[in-house]
Amino acid sequence: MQKIDQLAINTIRFLSAEAIEKAKSGHPGLPLGAAPAAYTLWAKQMKHNPKNTKWVDRDRFVLSAGHGSTLLYSLFHLFGYGTSIEDLKNFRQVGSLTPGHPEYKHTNGVEVTTGPLGQGIANAVGMAFAESYLAAKFNRENYEIINHYTYALCGDGCMMEGISSEAASLAGTLGLSKLVLLYDSNNITIEGSTDIAFTENVGDRFLSYGWNVIKVEDGNDIDTIEKAIENAKSQTEKPTLIEIKTKIGFGAPNKQGKASAHGEPLGEEEIKLTKKALGWDYTNEFHVPDEVKEHMCQLLSSFEEKENNWNELYNNYKNEHKQLAEELEQWLSDEIAHDLLNDDDFWNNYEGDLATRISSEQVLNKLAKYVPNLIGGSADLSPSTKTIMKNREYYSKENRTGSNIHFGIREHAMTAIANGMILHGGLRAYIAGFFVFSDYMKPSLRLAALMELPLINIFTHDSIGVGEDGPTHQPVEQLAALRSIPNFTSFRPADTKETAAAWYVALTRLKSPTALILTRQNLPLLKETGKGALKGAYILKNAEKEIPDVILIASGSEVQYIYHAHDVLKQKGIDARVVSMPSWELFEEQDDAYKQSVLPSNVRNRIAVEALSSFGWERYVGLDGDIISIDRFGASGKYDVLFKQFGFTVENVVERTLTLLKK
């Protein structure tokens, strides 16, 4: 190891430790132990240009162990990403660019929001997947314009989380060879030695997944670490795990190798002792030696040169493959080239009673013609969720150009992998599963919302309409859970035309994930439905009087009941307004005038009907209204019998309306 390398590594260590000490909060153990591996990667092997952090062909780096965020911020400072010393001094402070865990779109250079352990590994799998797909689509002889690696740094905690196993298994099956996982193996977690709960041989586990596995016995041996990364990059058939044995809190005499180094500041005296132990002779806090600054300037010049070479290659590519270059740029823009809003075929030409999962299949296969970078699949349920693009092939190790994906029965990893695909850029990803299993996906759905990712989620079998499979498969509370996530859009369409609206919303909302909540059972195609659904709620049938006697509101499969109840009530002299409300979130985004035009505040007689939990409907029916819902678990039986049993009928809507009006 050269002296300058050691000096740079220790600079990273002490910038990290001092930022944590100033904040009186943070995790010094990982930065102290993993600094040599991170520096080796960033300085000697990773292709990146800090002057352009959006360079398409850059290598991606994911800090899956996001609690070690000061390591990343210190790297950003040294490598010229714009993180200042002042930013490091403001670590974990409100409004700073250096929050406790890395946040996508907040700090320049952060590729993904991490912190919930294991997520970053799955995100990295998605990024490597996207690289392989785009390379197969756009590269041509002598023009490997998409040719980069995805690196992820993780720890023992990431390895214990089930999502990492799900994702790593799929990555091995698919042979994602440009994925390299750096495993900071220090055998310590918050509660102590990993032996208390984690004694497996991780390397053997990854070998069984079909990975290339390399072990580095000394986490300070940067020459061996560099050779390991070179070995990983020479592998063309498998992803690589590099297990690097480190000591948590390396250099801290009283904390090295102990659980106390994980999640609490070292303390001023311990930092002094650590500096002495590591030969750090500088007394100033947050000090970057001049030699390190000069070294970094030299590195930055070489990084910039790599992008310049790529730009020259890409300019020649545009001359020889103009159409492909234009298509790539269109894909990377996230905009849809086709005008769906004014496409009559997209909104019309639907017939008959259909389950909205079948409606979605019809819309999806229209979209497959219009949106070439649409890609997705299901957690082994595509024949049931109806999410296969029929004129597209399946992605596999042998066929990188297929855009239908077999995710296997891995709901959680599927969601995080799709997040990674979107984060990489160039692809519009959708995923699918039974609605009840959104519970398995929730942590990754939440992160998609936090990162403002336009992830499309197709959830079918959306209520007690699942039928004979019974309460284990009948979602009740899941829609209330999704509605509670900030920046998450749920859409439960009433028929095929509203399903087209749901897909339009999903494709055009670029800063929010969207969930399509779809039925297993057939629903009638209603005459009045259509583009009005884009506003979240709209009037299907109006009252004759200016002020209705009652407003009936429903979503999805229950709209048909209030639709027909309108006519029955009319015969009884009751003037009702019928409102389809497929999306609370979209409705709340409308201006007050529109919302008042649909749900005027002077009409207090309101009934909401939804074959799911009533939780939250109070905001639309008020204290005087009524809710026909299901606030218990379902039952096994034919769906039409269950709907009658639980009160989802025209007759019950009429009866409850009459009761409400008598109050």
Side-chain angles (χ1 to χ4, degrees), residues 344-366 384-386 435 458-467 474 479 491-505 516-543 551-571 576-583 607-612 628-630 638-657:
D344 288 339
D345 182 57
F346 178 74
W347 292 102
N348 300 300
N349 299 330
Y350 301 111
E351 296 180 357
D353 296 354
L354 294 176
T356 48
R357 62 173 175 155
I358 305 294
S359 304
S360 174
E361 180 183 40
Q362 292 186 2
V363 177
L364 171 62
N365 278 279
K366 287 184 178 183
S384 291
T385 57
K386 307 299 181 184
F435 190 27
I458 303 168
F459 293 123
T460 67
H461 297 60
D462 76 337
S463 70
I464 54 172
V466 173
Q474 293 169 353
L479 185 52
F491 201 114
R492 188 168 182 250
D495 65 4
T496 306
K497 287 181 286 181
E498 284 198 358
T499 303
W503 267 105
Y504 180 84
V505 167
L516 282 65
I517 316 299
L518 309 173
T519 67
R520 176 178 181 260
Q521 74 275 18
N522 286 350
L523 303 182
L525 185 65
L526 303 176
K527 178 182 177 182
E528 294 85 353
T529 55
K531 294 181 184 179
L534 296 175
K535 292 188 174 183
Y538 64 118
I539 300 169
L540 288 188
K541 286 188 175 183
N542 212 347
I551 300 176
L552 307 177
I553 317 166
S555 77
S557 51
E558 290 69 68
V559 171
Q560 60 180 309
Y561 303 122
I562 64 170
Y563 184 88
H564 294 298
H566 171 278
D567 296 339
V568 177
L569 289 168
K570 188 174 183 179
Q571 293 172 4
R577 172 179 291 181
V578 173
V579 173
S580 175
M581 194 173 205
S583 176
I607 294 181
V609 186
E610 192 170 66
L612 295 157
I628 302 174
S629 60
I630 174 168
K638 293 186 181 301
Y639 82 87
D640 51 350
V641 175
L642 292 176
F643 268 76
K644 290 178 182 177
Q645 177 180 323
F646 286 104
F648 298 103
T649 63
V650 173
E651 292 76 16
N652 191 44
V653 172
V654 170
E655 182 179 338
R656 294 280 282 268
T657 302

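All values reported here derive from a predicted model rather than from experimental measurement.
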Colleague: How long is the span from the CG atom in D495 to the CG atom in L354, to the nearest 0.5 Å?
Modeller: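 Separation between the atoms: 9.5 Å.
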
Colleague: Would you tell me whether E498 and S580 have side-chain atoms, one donor and one acceptor, within less than 3.5 Å of each other?
Modeller: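 Yes, because at least one side-chain N or O of E498 sits under 3.5 Å from a partner of the opposite role on S580.
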
Colleague: Pair I628, I607 - check side-chain contact (heavy atoms from CB on, under 4.5 Å), show working.
Modeller: CA-CA 7 Å; I628 302 174; I607 294 181; 4.2 Å; yes

Colleague: F459 and L518: side-chain contact (heavy atoms from CB on, under 4.5 Å), yes or no, with the steps?
Modeller: CA-CA 6 Å; F459 293 123; L518 309 173; over 6 Å; no

Colleague: Looking only at side chains, do E528 and Y538 share a donor and an acceptor under 3.5 Å apart?
Modeller: no

Colleague: Quick check for you: to the nearest 0.5 Å, what is the distance between K541 atom NZ and L569 atom CG?
Modeller: 10.5 Å

Colleague: Taking the side chain as every heavy atom from C-beta outward, state whether V579 and L540 have any atom pair closer than 4.5 Å.
Modeller: no

Colleague: Spell out, as yes or no, whether a donor-acceptor pair under 3.5 Å connects the side chain of R520 to the backbone of V466.
Modeller: yes

Colleague: Looking only at atom types and distance, does a side-chain atom of T519 sit under 3.5 Å from a main-chain N or O of T356, one as donor and one as acceptor?
Modeller: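 Present.
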
Colleague: Donor-acceptor pair, distance only, cut-off 3.5 Å: does the side chain of R357 make one with the backbone of S384?
Modeller: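 Answer holds: yes.
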
Colleague: For the residue pair S359 and T499, what are the closest heavy atoms and their distance?
Modeller: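 Shortest heavy-atom separation between S359 and T499 comes out as CB-OG1, 3.7 Å.
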
Colleague: Once you round to the nearest 0.5 Å, how far does CG of L642 lie from CD1 of I464?
Modeller: 5.5 Å

Colleague: Compare every heavy atom of L534 with every heavy atom of A501, then report the nearest pair and how far apart it is.
Modeller: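 The pair with the smallest heavy-atom distance is O-CD2, 3.7 Å.
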
Colleague: Is the NZ atom of K638 crowded by more than 12 outside heavy atoms at less than 6.0 Å?
Modeller: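 Counting neighbours around NZ of K638, 12 or fewer heavy atoms of other residues, nucleotides or ligands fall under 6.0 Å, so no.
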
Colleague: Looking only at non-hydrogen atoms, find the nearest pair between F491 and V505 and report the distance.
Modeller: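 Looking at all heavy atoms of both residues, the shortest contact is CE1-CG2, 4.0 Å.
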
Colleague: Could you check T460 against F435 for side-chain contact (heavy atoms from CB on, under 4.5 Å), going step by step and ending with a plain yes or no?
Modeller: CA-CA 5 Å; T460 67; F435 190 27; over 6 Å; no

Colleague: Would you check if the side chain of Q474 reaches a backbone N or O of S463 as a donor-acceptor pair within less than 3.5 Å?
Modeller: no

Colleague: Heavy atoms only: give me the nearest V609-F648 pair and the separation to one decimal.
Modeller: CG1-CD2, 4.0 Å

Colleague: Nearest 0.5 Å, what's the CG-CD distance between D353 and Q521?
Modeller: 11.5 Å

Colleague: Tell me whether K497 contacts the main-chain N or O of L526 through its side chain, where contact means a donor paired with an acceptor under 3.5 Å.
Modeller: yes

Colleague: Within the side chain of N542, is there an N or O that forms a donor-acceptor pair under 3.5 Å with the backbone of R577?
Modeller: no

Colleague: Please report the C-alpha distance between E651 and R656 in whole Å, then the side-chain angles of each, then the deciding distance to 0.1 Å, and finally whether the side-chain contact (heavy atoms from CB on, under 4.5 Å) criterion is met.
Modeller: CA-CA 9 Å; E651 292 76 16; R656 294 280 282 268; over 6 Å; no

Colleague: When rounded to the nearest 0.5 angstrom, what distance separates OG in S360 from CG in N365?
Modeller: 9.5 Å

Colleague: Does Y350 have K366 sitting over its ring (NZ/CZ under 6.0 Å from centre, angle to axis within 45°)?
Modeller: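 Ring-cation test returns yes.
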
Colleague: Do you see a donor-acceptor pair shorter than 3.5 Å between the side chains of S555 and E610?
Modeller: yes

Colleague: Can you measure from NE2 (H461) to CD1 (I517) and round to the nearest 0.5 angstrom?
Modeller: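 Rounded to the nearest 0.5 Å, the NE2-CD1 separation comes to 13.5 Å.
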
Colleague: Any side-chain heavy atom of T657 sitting closer than 4.5 Å to one from L552?
Modeller: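 With C-beta onward as the side chain, the pair touches.
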
Colleague: Between N652 (side chain only) and G647 (backbone N and O only), is there a donor and an acceptor less than 3.5 Å apart?
Modeller: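 Yes; at least one donor-acceptor contact below 3.5 Å.
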
Colleague: Could you pull out the closest heavy-atom pair between N522 and A355, with the gap in Å?
Modeller: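 Heavy atoms only, the tightest pair is OD1-N, 3.0 Å.
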
